[in-house]
*Asks:* 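Below is one structure. I have some questions about it.
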There are 2 protein chains.
Amino acid sequence: MVAMLEVTDVSAAACCAPLVREPLGAVDAERLARTIKALADPTRLRLLSIVAASEGQEACVCDLIEPVGLSQPTVSHHLKVLTESGFLTRSKRGTWAYYKLAPASLDEIARTLLAG
Amino acid sequence: MVAMLEVTDVSAAACCAPLVREPLGAVDAERLARTIKALADPTRLRLLSIVAASEGQEACVCDLIEPVGLSQPTVSHHLKVLTESGFLTRSKRGTWAYYKLAPASLDEIARTLLAG
DNA sequence: ACTCGATATTGACAGCCGTCGATATTCGGT
DNA sequence: ACCGAATATCGACGGCTGTCAATATCGAGT
């Protein structure tokens, strides 16, 4: 069985010049768009804000399912997307998986959108 | 012929608390996601950055088609999306349509993503 | 070892979205 | 009035994505 290594930009976030400074190249635009796309979903925004508002900016999956009102696989899916794009980090403790806000990630795209 | 009035949130942008402060409600999340989704496309990011880097942060469609390398209808479509979500404003002068950066729009989502 | 509970993965399906060609509209010039 | 140029709209098509049910995995306790 071959280990199918998914290449994801865990590096997260920005990538480039402040957006309004100089024209974005095709490659940079693609990268930035992929990161922003991870935020462009109501469920993921809610998950992110719930995690961010939790103690230590950390929450386990079990605490997230009920608030967003979706199935457990769907929540797991969204958490994966947020983690792979660098907005959350995952740590497993016992049977539970805790997701924590990656502090710099939001600041970074925010700074990219700003004038500079 | 009936005038089909499309109701779009020209108001643009943010909508709510700073995202990491308190859990986002379903309605707010939907609104914010719709705005962010307008940014979550490489072509639209490039268009936005080209416009922003132009003289007076303004450019006509004819100047935008060649740089992004897509068809004129597609470029028009993207400009419409950006305009309807409040990131650009449109003004027609003669045969030409000029799109201009809406100054506060980017700042507003940036501020929403930031901690507070 | 077995079971149970928490989470992740898979497969399928519907709806959305980016793209294009064709066409409509609108405006300036002749 | 007509023609041509710039832009917008329409219709279609393929690919992506959010969702779920079913199933797999993994860890803890008995």
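Side-chain atoms are counted along with the backbone in the values below, which use heavy atoms only and exclude waters and symmetry mates. In what follows, every chain begins at residue 1, and chains take the letters A, B, ... in the order their sequences are listed.
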*Asks:* So, is B/Ser76 near the phosphate of D/dA6, with a side-chain N or O under 4.0 Å from OP1 or OP2?
*Replies:* no
*Asks:* Expressed as a whole number of angstroms, how long is the span from B/Leu39:CG to C/dG18:P?
*Replies:* 12 Å
*Asks:* Can you tell me if the side-chain N/O atoms of A/Thr74 get under 4.0 Å from OP1 or OP2 in D/dC20?
*Replies:* yes
*Asks:* Looking only at heavy atoms, which two atoms of A/Pro42 and B/Ala29 are closest? And how far apart?
*Replies:* O-CB, 3.6 Å
*Asks:* Provide, to the nearest angstrom, the distance between the CH2 atom belonging to B/Trp96 and the C1' atom belonging to D/dG4.
*Replies:* 12 Å
*Asks:* Which listed nucleotide (D/dA6, D/dA8, D/dA22) is nearest to the side chain of A/Pro73?
*Replies:* D/dA22
*Asks:* Roughly how many Å is it from CD in A/Glu66 to P in C/dA6, rounded to a whole number?
*Replies:* 15 Å
*Asks:* In whole angstrom, give the distance that lies between atom CZ of B/Arg34 and atom P of C/dC16.
*Replies:* 13 Å
*Asks:* Could you state the CG-P distance from B/Leu79 to D/dA6, rounded to the nearest angstrom?
*Replies:* 16 Å
*Asks:* Which nucleotide wins on minimum distance to the side chain of B/Cys62, given the candidates C/dT7, C/dG21, D/dT7?
*Replies:* D/dT7
*Asks:* Can you tell me which nucleotide in C/dC20, C/dA8, D/dT7 comes closest to the side chain of B/Leu70?
*Replies:* C/dC20
*Asks:* Keeping A/Arg46 on the side-chain end and B/Leu24 on the backbone end, is there a donor-acceptor pair under 3.5 Å?
*Replies:* yes
*Asks:* Of all heavy-atom pairs between A/Val68 and A/Val75, which one has the smallest distance, and what is that distance?
*Replies:* CG2-CG2, 3.7 Å
*Asks:* Could you tell me how far apart A/Tyr98 (OH) and D/dG27 (P) are, to the nearest whole angstrom?
*Replies:* 16 Å
*Asks:* Measuring from the side chain of B/Arg90 (C-beta onward, heavy atoms only), which nucleotide among C/dT7, D/dG18, D/dT7 has the closest atom?
*Replies:* D/dT7
*Asks:* Judged by each residue's nearest nucleotide on DNA chain C, which is more toward the 5′ side, B/Asp41 or A/Tyr99?
*Replies:* A/Tyr99
*Asks:* Please determine whether any donor N or O and acceptor N or O are separated by less than 3.5 Å between the side chain of A/Gln72 and the base of C/dA6.
*Replies:* no
*Asks:* Carefully, step by step, assess B/Asp41 and B/Val81 under the rule side-chain contact (heavy atoms from CB on, under 4.5 Å).
*Replies:* CA-CA 11 Å; B/Asp41 177 87; B/Val81 172; over 6 Å; no
*Asks:* Could you state the atom-to-atom distance from CD of A/Glu84 to C1' of D/dG18 in whole Å?
*Replies:* 15 Å
*Asks:* Identify whether any heavy atom of A/Arg44 sits under 4.0 Å from a base atom; if not, whether one sits that close to sugar-phosphate; answer base, sugar-phosphate or nothing.
*Replies:* sugar-phosphate
*Asks:* Nearest nucleotide by nearest heavy atom, which residue falls closer to the 5' end of DNA chain D, A/Lys92 or A/Val75?
*Replies:* A/Val75
*Asks:* List the steps and the verdict of side-chain contact (heavy atoms from CB on, under 4.5 Å) for B/Leu19 and A/Leu106.
*Replies:* CA-CA 10 Å; B/Leu19 179 62; A/Leu106 283 174; 4.3 Å; yes
*Asks:* For A/Lys80 and A/Thr95, find the nucleotide of DNA chain C closest to each by heavy atoms; which residue's nucleotide sits nearer the 5' end?
*Replies:* A/Thr95
*Asks:* Identify the two heavy atoms, one from A/Arg90 and one from A/Ala97, that lie closest to each other, and give their separation to 0.1 Å.
*Replies:* NH1-CB, 3.8 Å
*Asks:* Counting side-chain heavy atoms from C-beta on, which of C/dT7, D/dG18, D/dA8 comes nearest to A/Val61?
*Replies:* C/dT7
*Asks:* Which residue, B/Leu101, B/Ile109, B/Val51, forms the side-chain contact (heavy atoms from CB on, under 4.5 Å) with B/Phe87?
*Replies:* B/Ile109
*Asks:* Would you confirm whether A/Arg44, through its side chain, and A/Leu82, through its main-chain N or O, come within 3.5 Å as a donor-acceptor pair?
*Replies:* no
*Asks:* Quick check on DNA chain D: between A/Gly94 and A/Val81, whose nearest nucleotide comes earlier from the 5' end?
*Replies:* A/Val81
*Asks:* Return the angle between end axes of the helix from C/dA1-D/dT30 to C/dT30-D/dA1, with five pairs used per end and rounding to 10°.
*Replies:* 20°
*Asks:* Counting only side-chain N and O atoms of A/His77, is one of them less than 4.0 Å from OP1 or OP2 of D/dT19?
*Replies:* no
*Asks:* Measure the distance from NE2 on B/His78 to P on D/dT9 and round it to the nearest whole Å.
*Replies:* 15 Å
